[in-house]
Amino acid sequence: MYSEEKKQHFSKNLLEWYQIHKRDLPWRRSRNPYYIWISEVMLQQTRVDTVIPYFHRFVEQFPTVEALATAPEEHVLKAWEGLGYYSRARNLQSAVREVHERYEGVVPPNKEEISALKGVGPYTSGAILSIAYNKPEPAVDGNVMRVLSRYFLIEEDIMKPSTRTIMEKLAKELILEGTASDFNQALMELGAMVCTPRSPHCLTCPVMAQCSAREAGMEEALPIKKKAKPPRPELRAVAFIEGTGEHAGKWLIRQRPQEGLLARMWELPHVEWSSNEWHSDGENQDLLREALANQEQIGIQPGDWFMDTEHIFSHIVWKMKVYRAKLGDLQRPPTGDEWIPFHYRWVGPENLQDYAFPNVFVRIMKEWQGRNEA
DNA sequence: AACGCGGGGGT
DNA sequence: ACCCCAGCGTT
């Protein structure tokens with residue numbers, strides 16, 4: 001396969017480089033497996049600089065396995081608000097509850113048990129076992145695949161599971177006796193700081209001397225990765241419903257269903273647009289009113305257009321038009337407040353801290369506050 | 001193996 | 001306007 005000399009050059013020089021250049025990150029100040037675990041889950045698909053403030057707040061609010069296991073899920077979702085991929089938070093708490101109940105709060109130090117936990121896949125199990133317990137397990141993420149595909153000039157599509165298997169075997173072979181924790185962190189650190197996706201900083205790279213991609217002038221072309229499909233657009237009309245009378249100064253929000261996209265998070269009432277294009281504001285508002293009446297039994301009196309905005313997922317783009325509105329005649333029952341299903345609430349700016357919203361709705365509400373202060 | 005799942009930063 | 005992500009679960 002690859003020569004021992006080439007592999008040892010990589011491991012040895014990478015470790016030396018890491019001792020000098022490693023960043024002082026909050027989760028590197030402890031070997032607490034619970035803290036390492038939280039950081040690794042937050043870091044899935046998310047950059048270090050984004051994670052740091054969330055990590056600080058999270059471990060302060062949930063300092064132990066027991067604290068997170070016994071917390072209400074809504075508090076956990078609120079602490080995760082803005083990080084995205086909210087199933088990570090729900091799975092993390094579910095898994096921490098299992099650790100609390102089945103393992104007396106000790107994160108299991110072996111592959112079988114830790115991999116059985118919700119939200120802990122091959123990457124996260126390897127990361128926790130190596131970083132917290134110094135076990136010689138590979139932790140292969142996108143960063144590691146990029147570094148290895150370049151140094152060893154591997155031209156397989158990194159989106160293929162078979163390529164990941166190859167990388168895991170290779171990454172494990174590269175771990176020198178007793179160095180798993182530092183080595184895996186060093187590998188990711190190199191990918192983040194030096195062997196970057198575009199315009200890698202080869203001149204400062206500790207393993208440039210034997211990098212096959214560099215030698216072949218291929219460092220910019222690797223790794224090979226099949227392009228993802230573009231996200232599908234969805235038009236959505238949002239009703240920013242302002243309360244009157246006893247609800248003056250509040251807005252109507254609702255909780256999303258238990259399962260599926262953005263499960264159990266809160267949002268402004270909105271409807272998916274049945275057509276592929278918007279009409280005039282007047283027509284849009286009529287259609288929005290009808291849709292809310294039919295789907296939710298909410299009757300509104302349309303107000304003014306408020307703003308346009310987008311919410312981008314990896315697979316969908318919500319293209320949203322926001323209209324102000326007030327509650328009008330209700331469909332059924334005709335009067336009273338009891339018609340509001342349990343998952344609707346009136347909230348004002350002062351209660352927003354009690355509910356977790358996807359960022360797009362936070363932006364809309366902040367825009368409203370900004371305009372009303374001015 | 002393919003798809004669903006957020007959000008922000010870099011160039 | 002693209003590109004990139006410190007992945008995992010479901011089907």
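Just so we're on the same page: letters track the sequence lines, and every chain starts at 1.
- Minimum atom distance to the side chain of A:Arg47 is reached by B:dG8, of the listed C:dA6, B:dG6, B:dG8.
- Using modelled atom types, one finds no donor on one side chain facing an acceptor on the other under 3.5 Å when comparing A:Tyr86 with A:Arg264.
- B:dG9 and C:dC8 are spaced 23 Å apart, taking the C1' atom of each and rounding to whole Å.
- OP1 or OP2 of B:dC5 lies within a sub-4.0 Å distance of a side-chain N or O belonging to A:His315.
- Residue whose closest nucleotide on DNA chain C sits further toward the 5' end, between A:Glu40 and A:Ser115: A:Glu40.
- When the P atom is compared between C:dG9 and B:dG8, the two are found 24 Å apart, to the nearest whole Å.
- Between A:Pro161 and A:Gly260, the residue whose closest nucleotide on DNA chain B is further toward the 5' end is A:Pro161.
- Heavy atoms of A:Asn359 sit under 4.0 angstrom from primed sugar atoms or phosphate atoms, though from no base atom.
- Judged by distance alone with a 3.5 Å cut-off, no donor-acceptor contact links the side chain of A:Tyr123 to the base of C:dG7.
- Atom CD1 of A:Ile36 is separated from atom OG of A:Ser30 by 5.5 Å, given to the nearest 0.5 angstrom.
- As judged by a 4.0 angstrom heavy-atom cut-off over every strand, A:Leu25 is placed among the base-contacting residues.
- Side-chain N/O atoms of A:Gln44 include none lying less than 4.0 angstrom from OP1 or OP2 on C:dA6.
- Going from atom CZ of A:Arg236 over to atom P of B:dG6 covers 12 Å, rounded to whole Å.
- For the pairing with A:Tyr355, the ring-ring contact (aromatic ring centres under 6.0 Å, His included) check across A:Tyr344, A:Trp266, A:Phe361 returns one residue only, A:Trp266.
- Atom NZ in A:Lys226 sits about 15 Å away from atom P in C:dC5, given to the nearest Å.
- Between A:Ser314 and A:Gly121, the residue whose closest nucleotide on DNA chain C is further toward the 5' end is A:Ser314.
- If you check every strand for non-hydrogen atoms under 4.0 Å, A:Arg28 touches a base.
- With a 6.0 Å radius and a threshold of 12 heavy atoms from other residues, nucleotides or ligands, A:Gln19 has its CD atom above the threshold.
- Of the residues listed (A:Phe55, A:Phe58, A:Tyr34, A:Tyr35), the one engaging A:Trp27 in a ring-ring contact (aromatic ring centres under 6.0 Å, His included) is A:Phe55, and it is the only one.
- Across all strands shown, nothing is found opposite B:dG6 as a Watson-Crick or G-U wobble partner with both distances under 3.5 Å.
- The nucleotide whose nearest atom lies closest to any side-chain atom of A:Pro122 is, among C:dA6, B:dC5, C:dC8, C:dC8.
- Using a 4.0 Å heavy-atom criterion, one finds that A:Arg146 contacts the sugar-phosphate atoms exclusively.
- A:Leu262 comes within 4.0 angstrom of the backbone, heavy atoms only, and of no base.
- Residue contacts shown for A:Val120 are limited to sugar-phosphate atoms, with no base heavy atom under 4.0 Å away.
- Between A:Arg198 and A:Thr46, it is A:Thr46 whose nearest contact on DNA chain B lies nearer the 5' terminus.
- Counting any heavy atom pair closer than 4.0 Å across all strands shown, A:Lys160 reaches no nucleic acid atom.
- Here the C1' atom of nucleotide B:dG6 and the CD atom of A:Glu81 are 13 Å apart, to the nearest Å.
- For C:dC3, the OP1/OP2 oxygens have no side-chain nitrogen or oxygen of A:Lys225 closer than 4.0 Å.
- Here A:Gly82 lies in heavy-atom contact (under 4.0 Å) with sugar-phosphate atoms only.
- Taking atom CG of A:Asp157 as the reference point, atom P of B:dA2 lies 10 Å away to the nearest angstrom.
- Across the protein-nucleic acid pair, A:Arg232 atom CZ and B:dG4 atom C1' stand 10 Å apart, rounded to whole Å.
- Considering only side-chain atoms of A:Thr50, the nucleotide from C:dA6, B:dG8, B:dA2 that sits closest is B:dG8.
- Between A:Lys118 and C:dG7, a side-chain N or O to OP1/OP2 separation shorter than 4.0 Å is absent.
- Listed nucleotides: B:dG6, C:dG9, B:dA2. Nearest to the side chain of A:Tyr86: B:dG6.
- Between A:Trp251 and A:Trp346, a ring centre-to-centre spacing not shorter than 6.0 Å is recorded.
- For the P atoms, the distance from B:dT11 to C:dA6 is 13 Å, rounded to whole Å.
- From A:Glu137, atom CD reaches atom OG of A:Ser125 across 7.0 Å, with rounding to the nearest 0.5 Å.
- Side-chain contact annotation: A:Thr309 with A:Lys321, donor-acceptor N/O pair under 3.5 Å absent.
- In this structure, the nucleotide among C:dA6, C:dT10, B:dG8 sitting nearest to the side chain of A:Ala192 is C:dA6.
- Put simply, CD1 on A:Ile128 is 10 Å from P on C:dC8, counting in whole angstrom units.
- Atom-to-atom, CD of A:Gln45 to P of C:dC8 comes out at 9 Å; the value is rounded to the nearest Å.
- Atom CH2 in A:Trp318 sits about 9 Å away from atom P in B:dG6, given to the nearest Å.
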